[in-house]
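All of these numbers come straight from a predicted model, not from anything done at the bench. Start at 1 and go down the list; that is how both ligands and their atoms are numbered.
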Amino acid sequence: MYINGQWCDAIDGARFQVTNPANGDVIGDVPNGGVKEAKAAIDAASEAFKAWSKTTAYQRSAFLYKAYGLMMERKEELARLMTIEQGKPLKASRNEVQYAADFLLWYAEEAKRIYGETIPAPRGDQRFIVQQHPVGVVAAVTPWNYPISMLTRKMAPALAAGCTIVLKPAESTPLCAVETFKIFHDAGLPAGVVNLVTAEKPAEIGDEFVSNPKVAKLTFTGSTNVGKMLNQKAAANMKRVSMELGGHAPFIVFDDADPEHAAKGVSLVKFLNTGQACISPNRLFVHKSIAEPFIETLQARVQKMRGGNGLEDGISIGPLVGPGAVDKVERQVEDAVAKGARVVCGGHRLLDNGLDKGHFYAPTVLADVTEDMLIYREETFGPVAPVITFEDEAEVLERANDTNYGLAAYVYTPNISRAFRMYEGLKFGIIGINDINPTAAAAPFGGMKESGLGREGGHEGIQEYLETKLGGFAI
Ligand code: NAD
């Protein structure tokens with residue numbers, strides 16, 4: 001753990017092991033912290049806030065530039081660690097490290113653009129100014145699926161704003177968090193500005209984060225269930241929250257789109273990170289008239305995907321995070337098949353060639369998926385592409401919006417008017433129009449409805465760590 005500028009153990013010396021999800025090998029261990037360590041980290045962050053919040057934007061920017069440079073220098077070793085600890089293929093790990101570094105660079109610049117304003121006052125002897133000030137100590141909880149970029153997406157804007165941080169990473173990917181914190185340490189951040197508490201059991205630390213009076217804000221990325229629970233507890237203490245939660249993205253292919261191009265697009269985005277992404281397409285709505293060529297192309301591409309250890313060449317499907325994740329995928333596929341879905345390809349665990357030691361499920365395409373199936377309603381977080389057919393625009397818009405989630409949605413059509421209608425009509429925070437990757441450090445990322453509160457990235461991302469402060473001056 002990293003508390004007040006020192007690398008340290010848990011007070012009782014307890015540790016927990018970290019395993020490689022591709023083969024079950026133990027790859028390391030980390031301190032198993034608890035409430036005492038969380039309190040110590042919060043105290044350190046609170047003390048450090050006094051000086052850090054007074055630094056200039058230019059000083060904070062310089063630290064972030066330094067951290068960016070270090071992350072780029074260490075890109076390859078970070079990517080290899082990510083593949084060993086989280087399982088995604090090496091190329092995807094490299095892409096994630098780049099994405100993570102992009103937030104450091106973007107917020108190194110945004111730090112210098114925390115503008116205020118002056119407002120004409122109603123009295124002649126009065127002046128109004130408005131400034132934006134850092135909220136204070138930020139507690140952050142991050143997930144395992146993007147184990148470096150989800151840290152920098154929170155830490156870079158918080159630091160740029162002048163906040164100090166205590167972060168608890170996911171229990172299955174603490175090693176990536178440790179290496180990320182080494183970068184902040186080596187960039188020379190003052191003691192206490194960033195603090196890392198690793199723990200095998202997250203609940204008591206989460207409770208400390210939402211109840212400790214020194215914490216001003218909780219920023220959470222993870223499942224909707226845990227997000228709701230933490231949000232309720234945070235509300236009792238009126239803490240600010242940002243929540244990046246689950247998704248159930250529709251991917252809509254209209255009859256005027258090229259079905260092969262769309263199938264190629266979905267084959268690239270659906271199976272990224274083995275489907276373990278909150279913006280992963282989860283319901284493929286394809287116009288009935290082009291469903292056949294779409295499914296044929298998708299099948300041809302998916303059948304070529306190889307599952308295995310992401311360090312090996314030619315692997316595009318890594319392991320799922322754990323046995324529970326494989327069980328969930330299997331349950332959704334079995335339920336769909338029992339209710340009439342057709343397995344186009346996949347539809348089983350991957351057990352050959354030593355893969356039984358990891359958590360592998362074959363990349364799968366299901367056709368004839370209908371509303372009564374679990375997969376139509378539940379986030380899958382696995383490598384399954386369920387195809388649903390539709391016949392008209394109004395119908396598909398209504399069906400796409402018929403979910404409690406509202407994170408990402410995708411549309412394929414060459415018709416500009418229809419594209420605008422869909423962009424405006426879909427109740428999701430991120431819409432990709434003929435675009436499978438509508439994300440970047442410069443763009444706001446976040447969801448509507450039960451997909452969360454607030455935005456990360458873009459100029460919006462820094463607002464989450466700022467309070468608006470009015471000054472009224474009688475002159
Ligand atoms: P999860 O909610 O179980 O865990 C996420 C984090 O919360 C982990 O650090 C975990 O230790 C912690 N946590 C769990 N229970 C807690 C508690 N009681 N108190 C405090 N912390 C607690 O989610 P997961 O299954 O690990 O992650 C996958 C989910 O995250 C998916 O639903 C996915 O859609 C979502 N996600 C969302 C985004 C986004 O930006 N919207 C990005 C990545 C993942």
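- Residue, atom and distance of the protein heavy atom nearest to atom 36 (N) of ligand 1 are Cys278 CB, 3.7 Å.
- Closest to atom 10 (C) of ligand 1, if we only count protein heavy atoms, is Glu171 OE1, 3.6 Å.
- The local environment of CD in Glu398 is sparse, with at most 12 non-hydrogen atoms from other residues, nucleotides or ligands closer than 6.0 Å.
- Which parts of ligand 1 touch Phe220 is read off a 4.0 Å heavy-atom cut-off, strictly below it: atoms 2 (O), 6 (C), 7 (O).
- With ring centers used as reference points, Trp106 lies 6.0 Å or more from Tyr99.
- When only non-hydrogen protein atoms are considered, atom 3 (O) of ligand 1 lies nearest to Ser223 OG, 4.0 Å.
- Looking only at protein heavy atoms, the nearest one to atom 37 (C) of ligand 1 is Leu245 O, 3.0 Å.
- The closest heavy-atom contact to atom 5 (C) of ligand 1, among the options Thr221, Thr439, Val141, comes from Thr221.
- Distance CZ/Arg240 to CG/Leu453: 13.0 Å, rounded to 0.5 Å.
- Scanning the protein heavy atoms around atom 4 (O) of ligand 1, the nearest turns out to be Gly222 CA, 4.5 Å.
- Between the OG1 atom of Thr221 and the CE atom of Met150 there is a distance of 6.5 Å, given to the nearest 0.5 Å.
- Between Trp144 and ligand 1, a contact under 3.5 Å exists for at least one N or O pair.
- At a heavy-atom distance under 4.0 Å, only side-chain atoms of Phe381, from C-beta outward, approach ligand 1.
- Counting only heavy atoms of the protein, atom 44 (C) of ligand 1 lies nearest to Asn145 ND2, 3.2 Å.
- No more than 12 heavy-atom neighbours from other residues, nucleotides or ligands sit within 6.0 angstrom of NZ on Lys427.
- Between His348 and Tyr361, the angle of the ring planes lies from 30° to 60°, which puts this pair in the tilted group.
- Ion pairing between a basic and an acidic side chain is recognised when a charged N comes within 4.0 Å of a carboxylate O; Glu244 and Arg455 show no such pairing.
- Taking every heavy atom of Lys168 and a limit of under 4.0 angstrom, the matching atoms of ligand 1 come to 9 (O), 10 (C), 11 (O).
- The residue from Met229, Glu456, Glu379 that puts a heavy atom closest to atom 32 (O) of ligand 1 is Glu379.
- Between atom CZ of residue Arg399 and atom CZ of residue Arg283 there is a gap of 9.5 Å, rounded to the nearest 0.5 Å.
- Residue contacts with ligand 1 for Arg153 involve side-chain atoms from C-beta outward but no N, CA, C or O (heavy atoms, distance under 4.0 Å).
- The shortest N or O to N or O distance between Tyr146 and ligand 1 is not below 3.5 Å.
- For ligand 1, the atoms sitting less than 4.0 Å from at least one non-hydrogen atom of Thr142 are 6 (C), 8 (C), 9 (O), numbered in the order shown with element in parentheses.
- Closest to atom 22 (C) of ligand 1 among all protein heavy atoms lies Pro202 CB, 3.5 Å.
- Distances shorter than 4.0 angstrom do not occur between any heavy atom of Phe209 and any atom of ligand 1.
- By the criterion of a heavy-atom distance under 4.0 Å, the side chain of Val226, and not its backbone, is placed next to ligand 1.
- Between Tyr2 and Trp7, the ring planes are tilted. Angles from 30° to 60° get that label.
- Note that CG of Leu407 and CG of Asn282 are 11.5 Å apart. Values are rounded to the nearest 0.5 Å.
- Using modelled atom types, no side-chain atom of Thr364 and backbone atom of Val384 make a donor-acceptor pair closer than 3.5 Å.
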